[in-house]
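Quick note: numbers below take in every heavy atom, side chains included, and nothing from hydrogens, waters or symmetry partners.
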Amino acid sequence: MARTPESSVRNERPHDYRGAFDAGGTRTVRKREIPEVPAEPGLVVEDPASGFCGAVVAIDARDVTLENRHGGRRVFPLRPAAFLYEGAPATLVRPSPPGAGGAGSGTAKPAGPARSASGSVHVANLRARTARAARIWVEGIHDAALLETVWGHDLRVEGVVVEPLHGVDDLAAAVREFGPSPARRLGILVDHLVDGSKETRQAAAVASEHVLVTGHPYVDVWEAVKPSAVGIRAWPKVPRGTDWKTGVCDALGWGEPADGARRVLGAVTSYRDLETPLIGAVERLIDFVTAAHEG
């Protein structure tokens, strides 16, 4: 009869079930604690949802910026158990300022002001002011959703209402009906505002002392979202004559445009996820419609 090798017997360990069941024989489930890890500069973590792995280069009250080995940067929201640190789930938190908790002899550096998603100073305990007569118009609901995500705090501070136009084909008539005036300014955000475009001609026809039209060069506001924010290298080229959103979703395998919208809009958490031309265009409109009317 063959003998079991001694080394094999020596390495076998019985299962330890102590603490796995309560007195009544019911299996106990222990909730695993997720550690909080200070997001010190240079700390390497991974976002499991996108697979993006990088070192911490910046952090604020809401977001952390990671940079991968190719120099690419992405901004992620600070959520519980949202990252992998050394292969295990972890919650990133802001590091304690130098000198906090009695460590060291230096004086802690005062924390800077909290920032909104647009990068402006966050107004604590905000009560939205009464809406101004002025308005900002955008082409569609996706434009309006992006403005709410990034500039919603600023708009409530200033009492500015954003309204979707659902297209600019009859822009001149809409502006006449609105009746701009010194106390009733109108800002309009337009897609594809480039030389020779239909949108540029329409903008020129309505611009006045009390109407400012700004825009970005992209065919659709989705394209003003940085590709890296949605996990792609670049926005696909869509053949002329094909609906742009449909063409993009087909090329990327995103399903219907409604599915693509959820993906794109859900990826934007702050101004860092947007291209500079859109940021500048929106900031100019907010400044214009909130300018104080003298007299």
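- With rounding to the nearest 0.5 angstrom, the CZ atom of F178 is 7.5 Å from the CD atom of E163.
- Note on V238 and I232: same hydrophobic cluster, where clusters join Ile, Leu, Val, Met, Phe, Trp and Tyr whose side-chain heavy atoms are under 4.5 Å apart, directly or indirectly.
- The heavy-atom pair separating A82 from P48 by the smallest distance is O-CD, 3.2 Å.
- Considering only heavy atoms from C-beta on, L43 comes within 4.5 Å of L92 through its side chain.
- Under the 4.0 Å criterion applied to side-chain N and carboxylate O atoms, R156 and E148 are assigned as salt-bridge partners.
- Here the side chain of T149 pairs no donor or acceptor atom with the backbone of T269 at under 3.5 angstrom.
- Between L189 and L278, some side-chain heavy-atom pair lies under the 4.5 Å cut-off.
- Between the side chain of R185 and the backbone N or O of V211, no donor-acceptor pair lies under 3.5 Å.
- Side-chain N or O atoms of R263 include none that pairs as donor or acceptor with a backbone N or O of V230 at under 3.5 Å.
- Taken to the nearest 0.5 Å, the NZ atom of K226 stands 7.5 Å off from the CG atom of D273.
- Side-chain contact between P164 and D143 is absent, with no heavy atoms from C-beta onward closer than 4.5 Å.
- Atom CZ in F76 sits 12.5 Å away from atom CZ in R272 (nearest 0.5 Å).
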Yes or no on side-chain contact (heavy atoms from CB on, under 4.5 Å) for L186 and V289, after CA distance, side-chain angles and deciding distance? CA-CA 6 Å; L186 178 61; V289 301; 6.0 Å; no

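- I188 CD1 to L165 CG: the interatomic distance, rounded to the nearest 0.5 Å, is 7.0 Å.
- The CG atom of L171 sits 7.0 Å away from the CH2 atom of W137 when rounded to the nearest 0.5 Å.
- The closest donor-acceptor contact from the side chain of R74 to the backbone of A229 lies under 3.5 Å.
- A donor-acceptor pair is defined here as one N or O able to donate and one able to accept, closer than 3.5 Å; no such pair exists between the side chain of R62 and the backbone of I59.
- At a threshold of 4.5 Å between non-hydrogen side-chain atoms, the residues S228 and F52 do not count as touching.
- The NE2 atom of H216 sits 10.0 Å away from the NE2 atom of H192 when rounded to the nearest 0.5 Å.
- The environment of CD in E256 is sparse: at most 12 heavy-atom neighbours from other residues, nucleotides or ligands sit within 6.0 Å.
- Of the residues listed (V93, T91, V64, D63), the one engaging L78 in a side chain to side chain contact (heavy atoms under 4.5 Å, CB included) is V64, and it is the only one.
- Comment: R284 does not engage D287 in a salt bridge, judged by the lack of any side-chain N to carboxylate O separation of less than 4.0 angstrom.
- In this structure, F83 and L66 approach most closely via the heavy-atom pair CE2-CD1, 4.3 Å.
- Closest of all the heavy-atom pairs between T214 and A281 is OG1-O, 3.1 Å.
- Here the closest heavy-atom approach between residue V44 and residue C53 is recorded as CG1-SG, 3.8 Å.
- Between K245 and D220 there is a side-chain heavy-atom pair separated by less than 4.5 Å.
- Residues D191 and E199 share a closest heavy-atom pair of O-CG, 3.3 Å.
- Side-chain contact check for V56 versus E40: every heavy-atom pair is 4.5 Å or farther apart.
- The closest side-chain heavy-atom distance from L146 to V225 is below 4.5 Å.
- Between W254 and W235, the two ring planes are perpendicular [angle over 60°; tilted spans 30° to 60°].
- No single ILVMFWY cluster, assembled from side-chain heavy atoms under 4.5 Å apart, contains both Y218 and I279.
- A pairwise comparison of heavy atoms in V75 and S270 identifies CG1-OG, 4.5 Å as the closest pair.
- The main-chain N or O of E158 is found under 3.5 Å from a side-chain atom of R132 such that the two form a donor-acceptor pair.
- Side-chain contact check for E275 versus P227: some heavy-atom pair is nearer than 4.5 Å.
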